Undergrad: 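I'd like to ask you about the structure that follows.
Chain letters run A, B, ... following the sequence lines, proteins first and then strands; every chain starts at 1. What's counted below: heavy atoms across the whole structure, side chains too, no hydrogens, waters or symmetry copies. Bear in mind that the values here come from a model prediction, so they are computed numbers and not experimental data.
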2 protein chains.
Amino acid sequence: MALLTVLTPVLAAVLCLVIGFILMKLPGRVTKPQRGDKGGSNTDSRPWVDQDLQDGTENTPRHDKEEDWVDGSEEEEDLSHVPYSPPRHPADTMLERSQDFYNLMNQRRSVRFISPEPVPRDVIDNVILTAGTGPSGAHTQPWTYVVVSDPDTKHQIRLIVEEEEELNYRQRMGDKWVQDLAKFRTNWIKEYLDVAPYLILIFKQTYGILPQGKKRTHYYNEISVSISCGILLAALQNVGLVTVTSTPLNCGPQLRGLLKRPANEKLLMLLPVGYPASDATVPDLKRKPLGDIVVHM
Amino acid sequence: MALLTVLTPVLAAVLCLVIGFILMKLPGRVTKPQRGDKGGSNTDSRPWVDQDLQDGTENTPRHDKEEDWVDGSEEEEDLSHVPYSPPRHPADTMLERSQDFYNLMNQRRSVRFISPEPVPRDVIDNVILTAGTGPSGAHTQPWTYVVVSDPDTKHQIRLIVEEEEELNYRQRMGDKWVQDLAKFRTNWIKEYLDVAPYLILIFKQTYGILPQGKKRTHYYNEISVSISCGILLAALQNVGLVTVTSTPLNCGPQLRGLLKRPANEKLLMLLPVGYPASDATVPDLKRKPLGDIVVHM
């Protein structure tokens, strides 16, 4: 009995330690990179995070096999190789072409004042085709370009984007801003979503569906689609059309529903496209000089 | 018995403290969006994930303020606006230009067989300048292009990339592959890293340093730099140079050290650049037709 009396607290202490050890181990199960889990906890702490943008690439394991991610997939190992000899320019022509292309691209600006004038649809199709020439992880081509010209659909998109945008502003600004919200109102009013002849909504496909119905992860899908978007911006600029690059926050699921896109597609960007309005203005921004962006070694 | 009577409340107190400690630790560890925390746990479960790629955009809160992320920052609200009237083409010219640009870009391929012939540096500089015209979240221009032509540095880069790549392959393939690793050897041998006249290493700046030394988060830095890379690929193709888009896994920190880049810069991509080798081949890939990438509404 005396022994038991002495042992009881020791036993209890050991029990405590064991329980404590188990409970301290528990969070490990939570922090494991489970799909959805992370997005959820992130959203708790930062409500402005776009849930839809979160559940894509960020949770996708980046597979070493895809390091050289173009033409590097297992499937492609079986592909025959063909000679590649693109046209070659003399040095002075190269220099001239590089200068001309720089001058053209350097005139590109993000423009919010878009003309309602119609734009030939064939031009838009060529621009999309050009975007589709971009490289992608394992040549998955994980992009869908939804081109909206229907006025009703454009308006519904505007309502969704503006509603979420207003929520974002209100949530973030809090009471201290409520009095003069009016002067910020322009920030969430997106008239161009009604006005622009085309809205291009760029979806990234986070995974593909194989013929047997099995899912195939699209590695680097967000990087791939962003690169493709860069080529699209170049193609728009090349024909004299303008846009403004935007990433509608928290609108992804609603817009996906409206546009009836499948579950593997997440909205990455929304580009209103058209001619610039005749009275279009842009902020007087400067770009960094070469010396600030390049390092030669 | 008396001892037990005395000890029981003490024991209870200890138990309470232990449980309390556990409970306080639990949510904190799970929901706190700490840098490194997530990357660390990710790396545990998927050793092939690039630590360096993980600690950038994925942990960056996406701020609603930046939704229209070009020309949309607070600073720019103070900027004066200037008229914007780029050259305008008639419809048939637009169509022709869009077709020509598509044809040019559609000839682009990822090429691993690069000629050692020198390339005029001015052409490379114009290509980088062109990449620098891309839009970016709040016009942060969060990119650094490191252009390596020094043979020793190129070789050191090759050693780092090949060593990590071999590790990736070995770790992932495991014993069952060890016997015929030889046939996969080409996968981690990157001769072009020595041969190509230029290696362009694209770094994303995850944050900037304000004049007062304060850090400024670069929202959407990975998307911005990827878009810029798309424009760079277009500029290379425009002058007849080739590259292969690669994202060197786990090499980021080592390469950043070698190239003496600051802590806010993370390696996003590595592009070997040059003329294609005269006997260059590419896998016989096809691109998706327009109907598979576009949806009109």
Undergrad: Name the region of A/L233, side chain, backbone, both or neither, that has any atom closer than 4.5 Å to a heavy atom of chain B.
TA: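 Side chain of A/L233 only, per the 4.5 Å heavy-atom cut-off to chain B.
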
Undergrad: To the nearest 0.5 Å, what is the distance between CD1 (B/I231) and CG (B/N238)?
TA: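 Between B/I231 CD1 and B/N238 CG, I get 13.0 Å after rounding to 0.5 Å.
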
Undergrad: Need one label for A/Q237: side chain, backbone, both or neither, based on atoms under 4.5 Å from any heavy atom in chain B.
TA: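 Answer is side chain: those atoms of A/Q237 sit under 4.5 Å from chain B.
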
Undergrad: So which of A/Q99, A/Q107, A/R121, A/M105 has the largest heavy-atom pair count under 4.5 angstrom toward chain B?
TA: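 Top count of heavy-atom pairs under 4.5 Å with chain B: A/R121.
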
Undergrad: Distance check, rounded to the nearest 0.5 Å: A/I128 atom CD1 versus A/I124 atom CD1?
TA: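 If we round to the nearest 0.5 Å, A/I128:CD1 and A/I124:CD1 are 7.0 Å apart.
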
Undergrad: So which residue, B/V146, B/L95, B/N126, B/D100, ends up with the most heavy-atom pairs under 4.5 Å with chain A?
TA: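 So the answer, after comparing B/V146, B/L95, B/N126, B/D100, is B/N126.
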
Undergrad: Side chains of A/Y219 and A/S224: do they bring a donor and an acceptor to under 3.5 Å?
TA: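 On atom types as modelled, these side chains do not qualify, holding no pair under 3.5 Å.
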
Undergrad: Side chain from CB out, backbone as N, CA, C, O: work out which of these in B/F203 comes under 4.5 Å of a heavy atom of chain A, or both, or neither.
TA: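 When you check distances to chain A, no heavy atom of B/F203 falls under 4.5 Å.
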
Undergrad: Most heavy-atom pairs under 4.5 angstrom with chain B, which of A/P120, A/A277, A/P276, A/P83?
TA: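 Result: the option with the highest number of such pairs is A/P83.
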
Undergrad: Would you say B/L129 and B/D125 make side-chain contact, with heavy atoms under 4.5 Å?
TA: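 When only atoms from C-beta onward are counted, B/D125 and B/L129 do not touch, as no gap falls below 4.5 Å.
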
Undergrad: Is A/V242 close to chain B through its backbone or its side chain, or both, or neither, when contacts mean heavy atoms under 4.5 Å?
TA: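 Answer is side chain: those atoms of A/V242 sit under 4.5 Å from chain B.
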
Undergrad: Taking side chain as everything from C-beta outward and backbone as N, CA, C, O, which of these in B/L104 sits under 4.5 Å from a heavy atom of chain A? Side chain, backbone, both or neither.
TA: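 B/L104 touches chain A through side-chain heavy atoms alone.
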
Undergrad: Measure the shortest side-chain to side-chain distance between B/I223 and A/L268 over non-hydrogen atoms and say whether it is less than 4.5 angstrom.
TA: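 In short, these two side chains touch, coming nearer than 4.5 Å.
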
Undergrad: Under a 4.5 Å heavy-atom cut-off, does chain A meet the side chain of B/K260, its backbone, both or neither?
TA: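 Neither part; nothing is under 4.5 Å.
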
Undergrad: Given that the side chain runs from C-beta out, which part of B/I200 has a heavy atom under 4.5 Å from chain A: side chain, backbone, both or neither?
TA: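 When you check distances to chain A, no heavy atom of B/I200 falls under 4.5 Å.
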
Undergrad: Side chain to side chain contact (heavy atoms under 4.5 Å, CB included), that's the test. Do B/L259 and A/M297 meet it? Break it down for me.
TA: CA-CA 8 Å; B/L259 304 173; A/M297 294 188 84; 3.4 Å; yes

Undergrad: Using non-hydrogen atoms and a 4.5 Å limit, figure out which bit of B/I293 sits close to chain A: side chain, backbone, both or neither.
TA: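 Both parts, heavy atoms under 4.5 Å.
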
Undergrad: Identify which part of A/Y198 has an atom lying under 4.5 Å from any heavy atom of chain B, answering side chain, backbone, both or neither.
TA: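 It is neither, since no heavy atom gets under 4.5 Å.
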
Undergrad: Is it the backbone or the side chain of B/T144 that comes under 4.5 Å from a heavy atom of chain A, or both, or neither?
TA: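 When you check distances to chain A, atoms from both the backbone and side chain of B/T144 fall under 4.5 Å.
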
Undergrad: For the candidates A/L199, A/V294, A/D122, which exhibits the highest count of non-hydrogen atom pairs separated by less than 4.5 Å from chain B?
TA: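 Highest number of pairs under 4.5 Å: A/V294.
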
Undergrad: Over 60° means perpendicular and under 30° means parallel, so tell me whether B/F113 and A/H81 are parallel, tilted or perpendicular.
TA: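 Taking A/H81 first and then B/F113, their aromatic rings stand perpendicular (interplane angle over 60°).
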
Undergrad: What distance separates B/K190 NZ from B/S246 OG, expressed to the nearest 0.5 Å?
TA: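 Spacing of NZ (B/K190) from OG (B/S246) equals 7.0 Å.
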
Undergrad: Highest number of heavy-atom pairs under 4.5 Å with chain A: which of B/A235, B/G134, B/S98, B/G240?
TA: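 The candidate making the most pairs under 4.5 Å is B/S98.
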
Undergrad: Which answer fits B/R88, side chain, backbone, both or neither, if we ask what part of it has an atom under 4.5 Å from a heavy atom of chain A?
TA: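 Side chain only.
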
Undergrad: Answer yes or no: is there a side-chain heavy-atom contact under 4.5 Å between A/M269 and A/S226?
TA: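 Sidechains of A/S226 and A/M269: in contact.
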
Undergrad: Check whether A/L241 gets within reach of chain B through its side chain, its backbone, both or neither, counting any heavy atom under 4.5 Å.
TA: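 Answer is side chain: those atoms of A/L241 sit under 4.5 Å from chain B.
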
Undergrad: Side-chain donor-acceptor pair under 3.5 Å between A/Y220 and B/T247, yes or no?
TA: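 Yes, side-chain donor-acceptor contact under 3.5 Å.
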
Undergrad: In terms of heavy-atom pairs under 4.5 Å, which option from A/V127, A/L201, A/T130, A/L270 contacts chain B the most?
TA: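 Of A/V127, A/L201, A/T130, A/L270, A/T130 has the most heavy-atom pairs under 4.5 Å with chain B.
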
Undergrad: For chain B, which of A/H296, A/R97, A/M94 has the most heavy-atom pairs under 4.5 Å?
TA: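 Heavy-atom pair counts peak at A/H296.
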
Undergrad: Against chain B, work out which of A/P289, A/A280, A/A91, A/C229 has the most heavy-atom pairs shorter than 4.5 Å and name it.
TA: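 The answer is A/A280.
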
Undergrad: Quick one: OH on B/Y84 to CG on A/D284, what's the gap to the nearest 0.5 Å?
TA: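 That separation rounds to 13.5 Å.
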
Undergrad: Testing the basics here: between A/R287 and A/R109, what is the closest heavy-atom pair and its distance to 0.1 Å?
TA: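 Residues A/R287 and A/R109, closest heavy atoms: NH2-CD, 4.0 Å.
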
